[in-house]
Number of protein chains: 2
Amino acid sequence: MCSRFATECRRRGVRLTEQRLAVYRALARDATHPTAETVYARLRVAMLGLSRASVYRILESLEMEGFSRRVSTTDGVGRFEANLANHQHLVCRYCGRITDFEADPGITLPKGVPGGFVPERLDVSIIGTCGKCRRRVGRHNA
Amino acid sequence: MCSRFATECRRRGVRLTEQRLAVYRALARDATHPTAETVYARLRVAMLGLSRASVYRILESLEMEGFSRRVSTTDGVGRFEANLANHQHLVCRYCGRITDFEADPGITLPKGVPGGFVPERLDVSIIGTCGKCRRRVGRHNA
DNA sequence: TTCAATGCAAATGATTTGCAAAACC
DNA sequence: GGTTTTGCAAATCATTTGCATTGAA
């Protein structure tokens, strides 16, 4: 799937550097919605010269170019994904873990919205408690 | 609606300070999903002693107590709301403005999800371009 | 009176930026 | 070869924390 990425970069005249390819591959093969720091930590093992700043810059440009997305979160730390297929996120409110979930086809973009807003895509998160945390925290505040 | 807040604080034994009340009122009367900094800037005009740290602490405790919520965003800056009714967000991908939108009642929590995850609520954002930005940016990257 | 909440300032954590050197086309 | 991207380090921005003081119950 990365040759597709390479081809597409060339087609658009976007420079294909070792770092860009590595960051894209890291995202594409990792469905855990890693943070920039996580991507950096994983890649630097094999790419000793890699800098944190480049990872941040690359993550931003990949998003601008439509190769990946920043996932919306509640905790303020950026999380990224290369999976652009229509899907939803299961978000654990205790540990913050984000898991992909097939999109409910019944959920569609609204037609009319106020103020000339043009809907383009949905971002659906299902907030809840993951299996691990359920066992750990049990029930309280009931 | 703030007397309700006051009553509820007393009932639960949560101390009702001038600052807490001010932050809660600021959120309750403002549907623009302000950041902590915005809340602070607005309140400090009338409450000269108010500190930024208290605003952050209060916003967190209001959330813990179920009086308000942190809205999930894509830009890493915390945004808050006191509107806990079931609703969705229209999010402009250019200016980041968030507007409330009535929830589609047809959208419901999924029954079965993998890994023992227990769904509790949905967080739906409709990403798009707001009227102002549409006029400003026009269409590109088509 | 007592304990939790506040204000201040310093610390932390995430992300961005300026600039010279290296890499891509 | 010319321009873009990188690495490094310093800067910035949002948020948190330690601690003495204040204030609500």
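Computed from a predicted model, the values in this text were never measured in an experiment. Chain A is the first sequence line, chain B the second, and so forth, proteins listed ahead of strands; every chain is numbered from 1.
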S.K.: Take atom CG of A:Leu16 and atom P of D:dT6, then tell me their distance rounded to the nearest Å.
M.R.: 10 Å

S.K.: Atom CD of residue position A:Glu65 - does it have more than 12 heavy atoms of other residues, nucleotides or ligands inside 6.0 Å?
M.R.: yes

S.K.: Once you round it to whole Å, what is the distance between P of C:dC25 and CD of A:Glu18?
M.R.: 12 Å

S.K.: Check every strand shown and say whether A:Gly13 touches a base, only sugar-phosphate, or nothing at a heavy-atom separation below 4.0 Å.
M.R.: nothing

S.K.: Report the residue (B:Thr17 or B:Gly76) whose heavy-atom-nearest nucleotide on DNA chain D is the more 5′ of the two.
M.R.: B:Gly76

S.K.: Looking at DNA chain D, which of residues 51-58 of chain B put a heavy atom within less than 4.0 Å of it?
M.R.: B:Arg52, B:Ala53, B:Tyr56, B:Arg57

S.K.: Atom CE of A:Met64 to atom P of D:dT5: distance rounded to whole Å?
M.R.: 14 Å

S.K.: May I ask you to decide if the ring planes of A:Phe5 and A:Phe67 are parallel, tilted or perpendicular, using 30° and 60° as cut-offs?
M.R.: perpendicular

S.K.: How close or far is atom C1' of D:dC8 from atom CD of A:Gln19, stated in whole angstroms?
M.R.: 14 Å

S.K.: Check B:Asp75 with A:Arg70, please: is the shortest side-chain N to carboxylate O separation under 4.0 Å?
M.R.: no

S.K.: Given atom CD of B:Glu63 and atom C1' of D:dT16, what is their separation to the nearest angstrom?
M.R.: 16 Å

S.K.: Over how many whole Å does the gap from B:Arg70 atom CZ to D:dT15 atom P extend?
M.R.: 6 Å

S.K.: I'd like to know if A:Arg15 reaches the base of D:dT5 with its side chain such that a donor and an acceptor end up less than 3.5 angstrom apart.
M.R.: no

S.K.: Check the distance between C:dA5's P and B:Leu50's CG and give it to me in whole angstrom.
M.R.: 16 Å

S.K.: So does B:Glu37 pair up with B:Arg79, basic N to acidic O under 4.0 Å?
M.R.: no

S.K.: Would you list the atom pairs, donor with acceptor, under 3.5 Å between side chains in residues 106-120 of chain A and any protein atom, with sequence neighbours excluded?
M.R.:
| unit_1 | atom_1 | unit_2 | atom_2 | d |
| --- | --- | --- | --- | --- |
| A:Glu120 | OE1 | B:Arg93 | NE | 2.4 |
| A:Glu120 | OE1 | B:Arg93 | NH2 | 3.1 |
| A:Glu120 | OE2 | B:Thr129 | OG1 | 2.5 |

S.K.: Do the side chains of B:Glu8 and B:Arg4 get close enough for a salt bridge, i.e. N-O under 4.0 angstrom?
M.R.: no

S.K.: Would you name the heavy atoms of A:Arg69 and A:Ala85 that are closest together and state the gap between them?
M.R.: NH2-O, 4.4 Å

S.K.: Without decimals, in angstroms, what is the distance between B:Leu43 CG and C:dT6 C1'?
M.R.: 14 Å

